[in-house]
Structure formats: C-alpha cells, structure tokens
Amino acid sequence: MSTVQTQIDRSAAAIAVLTIANPPVNAMSMAVRAELLAAVSAAAADPGVQALVLIGAGDKFIPGADIREFGKPITGPSGRDVIAAIEACPKPVVAALGGNALGGGLEIALGCHFRIATPDCKLGLPEVNIGLLPGAGGTQRLPRLVGAARALELVTSGKPMAAREALDTGVVDEVAAGPLLAAALAFARRVLAEGRPLQRVSDRNERIAGTDPALFTAFRAKHAKKWRGLLAPQRIVDCIAAACTRPFAEGYALELAAFDECKASPQRAALIHVFNAEREAARIPGLSADLAPQTIHSAAVVGAGTMGGGIAMCFANAGIPVWLLETTPEALTRGRSLIEKNYATSVARGSLSQARMEQALALITGTLDYAAVADADIVVEAAFEDMAVKQDIFRKLDAVMKPGAVLATNTSTLDIDKIAGVTTRAGQVIGAHFFSPANVMKLLEVVRAAQTAPQTIVTTMALAKTIGKTAVLAGNADGFIGNRILAVYGRECDFLLEEGATPWQVDRALQGFGFPMGLYLMRDMAGLDVGWRIRQYREQFRDKTLRYSPIADRLCELGRFGQKTGAGYYQYDGRSGSPDASVEALIEQVARERKIERRAVGDEEIVTRVLTAMANEGLKIVGEGIALREGDIDTAYVHGYGFPRHQGGPMYWAAQRGWAEIHDTVSRMHASQGTLWAPAPLLAERARRSPAVVS
Ligand code: 3H9
C-alpha cells in the first residue's frame, strides 16, 4: 500500500497535496522516503502544479525516521535526498505540521520553503534520546532560525518546542487558525499570489553570524556532569558549532559523519532498546484487546505525607481534580504547605509558570471526610506502611466508594492480597507503587494482586500514561520487581565492603558505569533509619543461615542516619559528603569479626558483580512471573532506580555481556558463596541460547 498520496487541489491555484500515511505514527520509513521523493519530483516536474503542501494523515506530521528500521540494511533514498529535492524544488513547498513534527520529520519541514503548524503541534529534534543526532541537516538548519544558544538547548535536550515559540522564533511562518489543510492551502495560495520568493533555510545566516565560539565551550562545561560518558550530546555541540562557524556544506558533511558515528555506537542500540521496552511494557499479554480503560475524571489520595502529596501533584499536573484525605486538620495543612513549597520551587527554578502552579493547586482539595471522596474514579492510598493502618483505610473506602472505582495502594512492601481481602471488591484493588519524589520519578509499578480484575489493570496502566508515568506491571510478591532487585544490588555492594572495597570506591565505580549517584550516597540522602526500622521488624523472619552484612545497622546504632544527621557512610558538610576514616575502621572491624580477609577489589569487579547479581535476580523474577519480560525490568530500573539509560538496563547489560558469561559467573559465585547466588532456573537455558544482540 502506498504511503504517500498526491491530490491536486484546484481552488484558485493548482496545489499538489502530498499526504504521508504510515501507521501508527507516520514515521519516515524507507518506503515513505522513496515515495515522498518520487511524489515531490513528480509534482516539481508537473507543469500543471504551482505549489506543494506536505501533510501527514490525520494532520499528524512525521515524528522522525522509522526507529524499527535501525540496524536493518538501508535501501533507497536517504532523508537528505528527499530534503535536497524539496529545497531545490522551483515551486513553493509548504509543510503543514500537526501532532509531533520531530526528528527527521522536522528536518523535512526545515527543508521546505514555508511552514505552518497547528496550535498544539510539537516541534523538536529528540534524536539525542535514542543516542543519535539529527542526521538530515537539523543541526545545521535549526540554528539558522533560532540562533545557536536556543538550538544547543533544543537539540541536546531533545525537548520539543510549542507552536507558539516556533512562530516567535520564525521556525514556522504561521499558526493555523482553523483546519490545518485548509490553512496550508490558503497560505500556499497567498505565497503564489504575492509572488513571495522561496525561503531556503540553508541560505540564511543572519541568526548565526558572529556567534561567539565561547558559547560552545561554556555550554559543554555547564553540562559536563550530566553528559558524562555520553556521545551524542557532545557531537551535537560539534555540529552546531560547525553550523555557526563554517559554510553550510562543510557543517552538513560533518553532521553526517557524526550521525554515522552515533548510529554505530552501543549507546544508540541501548537507548533504542529502552525506547522499545518502555512501549512494550504497556502491553499486557492475555488481556482482551476490547477491554477499554475507564476514564479517570477525578481522583483521591489518602494520606498527605511526602508520598501522598507527590501523588496528588501528579493528578493535578495532568488536570485531574484530586481530593487529599487526611485524619486531622493539622496533617492536611502540613501536606498542603509541602505541596505548595514543591510547586514554588519549580516556579523559582523557572520550570513552571505561576499560572500553571495556581491551576494545579486549584485542583487539589483537602478533606477529612471519607464520604467526600466517594465519587472519585480512583483512590490511591498513601498512608503509613503498616498493614493494620492500610486495612482500616480500605475497609472505610470499601464502605463509601462508588461501584467500579479503582482502589489502589501505594505500598512498597506489604501483601496486597491481604489489603484487598478486607474489602468486598478485591477485583478493583491494585497496587500503584510510586517512587519518591512521586511528582518527579517516572516509574509506576502497577501491582496485580490475585483477584485484581483485568479492567482494573488496564485502567491503572492507562492512567499512568495520562499522568506522565511509565508503568510496569508486577506480580504481588515481596519487593515486587524493583525493590527485590535493589535488595540484591545493596547486598552485593555491602559484601564488597567487607571483602575490601570502600563506600566511596563502590560509588565511584557505579558512577563510572553511569549511575547518577552511587548506592551509599543515595542511601545517605534517603536516610538510613527507614531501612533500619524495616530490617529490625524483619529480623524475626530472616534466614540466619545466610550471609548478612551488619554495616548499615552498625552505622545506625551510632546515630549515623546519613545527610540529615551530618554523617552516614560519608561525613557531611551540608550536602557534600567526604570519605570518613572511622567508617573504614568500622568496615574493617566487621570483616575481622566475620573472618573475612580483605583484599584489593577493582572497580570493574564491583560493577560486574553487582550487575550480574541483579540480572540473575531479574531472571528469577521473570521465571516466577513477577515480571512479564526482561524489558520490563530494564524499564523499571531506568525510570525508578537511576540505572543509566544508555546502558539499557540490567537485563540488556547481561544480554550484551552474553548470558553464557553471566551463567559462568553466577555458577562460580554459587560454588563459593552459597545459596544467595543460586542460579535463576532460566539461566542455564538463557545461556544456551545465543546472546541477544540488539541493534
Ligand atoms: C530520526 O528521525 C533520525 C533522523 O534525524 C535521521 C535522518 C532522516 N518509528 O510513543 P507512543 C511507534 S530518529 C517507528 O506510544 P505517543 C511506537 O513504537 C527518530 N515507530 O505514542 C509505538 O508502537 P507500538 C526521532 C515509532 O503518542 C507507537 O508508535 N524521533 C516511532 O505517546 C506509538 O508510540 C523520535 O525519536 C518511530 N519514530 O507518542 C520520536 N515513534 O504501538 C520517537 C513511535 O507498537 N517517538 N513509534 O508500541 C516518540 O517520541 C513518540 O512515540 C511520539 C508519539 C511522540 C511520536
């Protein structure tokens, strides 16, 4: 089936309308490129055609090259060939932009002589998110319209701009007042009637002339920490610098070389793996495709603590009115001021407008009365992590909530079946495990309990998308997906301390791998007392035959709870931690007590051991059906635990390393360390299959 249709509109002038239709999102596949080039060439050569309009089916413009084709042999014309034909066309070519005009799609539009967009169109170059840079002139043409400074921000962040900004900066010539095609045709007719000269962005130098090269050095320095180990952002700066300092042809050639370098890099493959895994995570096998999610018009949150407040903000940010239910007026006031403080910080930082803050705050209403929330479509309980407390809340909710409402618990440790068990509607009870800070962290672990109805699952998964979260479905078992692997991650780091590493060495090694923060800095920031309390409670259930590191407990016994007490694993001056000899002495003491001979531990050993243990645990989780697939674990880790996105997640890392090697390491560790390293039942079989090479 053809992906590009040409129709001639003959009202007043003969205008060829080229419609690109490539479901689901009109991505620029090889077929689209070939057919678009043919259609542009035909219209250019047709003496009966005076102008061209390029538009996407359903008014949705191209959101970039077809990601599914990366790694496959490329045939036919490139995006550059299509753009060259458009730019050289002697007749006006107008891009009619709606939906997402992104990546190669925006590059096609920038190759057109004129652009018109719908008011809600998003325009951007998001290639950096998948380890690439714009490869069809985006780094050369965009600065010519918006200037070097804004282009640097847009292309290295990958964030789109709104149509309004695009109009103000001249990226589009007009924002459509009515239906897009009609507006684009009217625009093209005006261009013809006025005899307006064709505008070729590649010829325009006024915005980039005289750019101070110091801008690029300063921009790199500003982002040095964030870009540590990343290839694409650095190359994007190279390309934009070239656009501003060299002739178009030279910059254009440099961009292609840089694009090819990024395309060949393992980072690109890992980032596309995560992109695909995120979308796969939304698909739940076994559920009927006809099952439509319930629309969530209103929500309620029980508990106005840090977590509850953050969850309420998620709803409000998405425009959903939300009740905040508490037990005392004081708790409500405290919760409300915490929310106001969080919003005010965003306004002060410039990431939120005062008007948006006021809109969001107006959507949050406090109440002390269960009856008030009865009509909410979903209620998320975010109370103290205590079974009796939660069961009491669910009894009360069961008594008042309207039939069909989703009853979600934000528990991170408790058995959801036991919570559902106190209600008369276990089918509507589900886990919605947010990560702290809930208004910032992208992950939502949706936890399916024994009786959770499919309808409740699809509704909660869809809601996650509405409130800007990436959802992963987990089974109802201790730690769900994320915290169960985190326990193994922490355990191996602690054992490595006993065996010879230091907290700062472990952190350095993990940060070297790409984690934004090492485990011990993270623990110190979160506070060590919370985990200590949980461990004290769980002590009665702990299998005393298994190795256990008491280092964290010992620190807590000394009152070292992390940043908030000025000392934890590190010694703190404000928020900056420095190594502490007394902690090293404490670790040595623990090693002596356990008769562990400390030795030199290398950074590479730390990373490999920790990730191998995580991957083995991940495979157990998949085998037990707690996670649906390996990609879900990667998605959870990238969005909830700071796993470096460009490393693809723990399961992807293992697949790249080769499951055979993981199997060898796990078997060796099992022989020397015992049960804690028992191989996942799926591991031997996974190792036999050839390692998955994802491109
Ligand atoms: C590029 O352009 C390089 C050039 O510079 C090179 C020179 C030419 N291709 O996200 P959704 C699928 S690199 C193929 O749930 P939304 C997606 O997998 C590209 N498929 O929808 C999913 O499939 P499924 C630069 C794509 O409405 C379905 O569409 N561009 C592509 O929330 C729905 O996706 C980008 O990086 C694609 N490009 O968001 C943009 N995009 O249903 C990447 C999506 O089977 N895409 N699909 O799971 C996005 O940011 C979002 O998908 C988008 C829609 C905003 C477009």
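For ligands, and for the atoms within them, numbers begin at 1 and follow the listed sequence. Everything quoted here is computed from the prediction, not taken from an experiment. Only heavy atoms go into these numbers, but all of them, side chains included; no hydrogens, no water, no symmetry mates.
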With heavy atoms and a 4.0 Å threshold, my read on which part of E107 contacts ligand 1 is side chain
Within the 4.0 Å heavy-atom cut-off, what P24 brings close to ligand 1 is side chain
Less than 4.0 Å is my threshold; does some heavy atom of G138 fall inside it relative to ligand 1?
no
In terms of its nearest heavy atom to atom 16 (P) of ligand 1, the top option of K465, E278, R268 is K465
Per-atom filter on ligand 1: closer than 4.0 angstrom to a heavy atom of P134 are 5 (O)
Atom 49 (C) of ligand 1 sits nearest the protein heavy atom F275 CE1, 4.1 Å
**Prompt:** Distance only, no hydrogens: is a donor on one side chain within 3.5 Å (strictly under) of an acceptor on the other, for Q267 and H646?
**Reply:** no
One thing to verify: whether R144 and E206 come together as a salt bridge, which I'm taking to mean a side-chain N less than 4.0 angstrom from a carboxylate O. no
Quiz item: Do the ring centers of Y641 and F515 come within less than 6.0 Å of each other?
Solution: no
Closest to atom 18 (O) of ligand 1 among protein heavy atoms sits R279 CD, 3.6 Å
Does R645 come within less than 4.0 Å of D634, counting only side-chain N to carboxylate O?
no
Review point. Is a salt bridge present between R141 and E255, judged by a nitrogen-to-oxygen distance below 4.0 Å?
Key: no
Within the 6.0 Å centroid threshold, strictly below: F513 and F643:
yes
Using distance alone, decide if ligand 1 has a nitrogen or oxygen within less than 3.5 Å of any nitrogen or oxygen in A136. no
Q.
If you measure every N or O of N100 against every N or O of ligand 1, does any of those distances drop under 3.5 Å?
A. no
Nearest heavy atom to atom 33 (C) of ligand 1, choosing from N129, L132, V25, belongs to V25
Among L102, I130, L106, closest by heavy atom to atom 50 (O) of ligand 1 is L102
Quick note on ligand 1: atoms under 4.0 Å from a heavy atom of P126 include exactly 30 (N), 35 (C), 36 (O)
TODO: Ignoring hydrogens and angles, state whether a donor on the side chain of Q7 or T19 is under 3.5 Å from an acceptor on the partner side chain.
DONE: no
So for ligand 1, is N276 a polar contact partner (N or O within less than 3.5 Å, distance only)? no
Under 4.0 Å from one or more heavy atoms of M28, ligand 1 contributes atoms 8 (C)
Are any of the N or O atoms of G103 closer than 3.5 Å to those of ligand 1? no
When you compare ligand 1 with I67, is there at least one nitrogen or oxygen pair between them that comes in under 3.5 angstrom?
yes
request  = State whether the shortest distance between N or O atoms of A65 and N or O atoms of ligand 1 falls below 3.5 angstrom.
outcome  = yes
If you scan protein heavy atoms around atom 25 (C) of ligand 1, the nearest is P63 O, 3.9 Å
Under 4.0 Å between heavy atoms, the region of R283 that gets near ligand 1 turns out to be side chain
F219-W227 aromatic ring centre distance below 6.0 Å
yes
Whether the S202 and Q140 side chains hold a donor-acceptor pair (N or O, under 3.5 Å, no angle test) is what I'd like checked.
no
- Does an N or O from F259, backbone or side chain, lie closer than 3.5 Å to an N or O of ligand 1? no
* Asked: With distance as the sole criterion, is a donor-acceptor pair present between the side chains of E278 and T470 under 3.5 Å?
  -> no
Inset, instruction - For atom 46 (N) of ligand 1, state whether the nearest protein heavy atom is under 4.0 Å away. - result: yes
Under 6.0 Å between ring centres: does that hold for H433 and F435? yes
Task: Check ion pair E280-R629 (N to O, under 4.0 angstrom) - done: yes
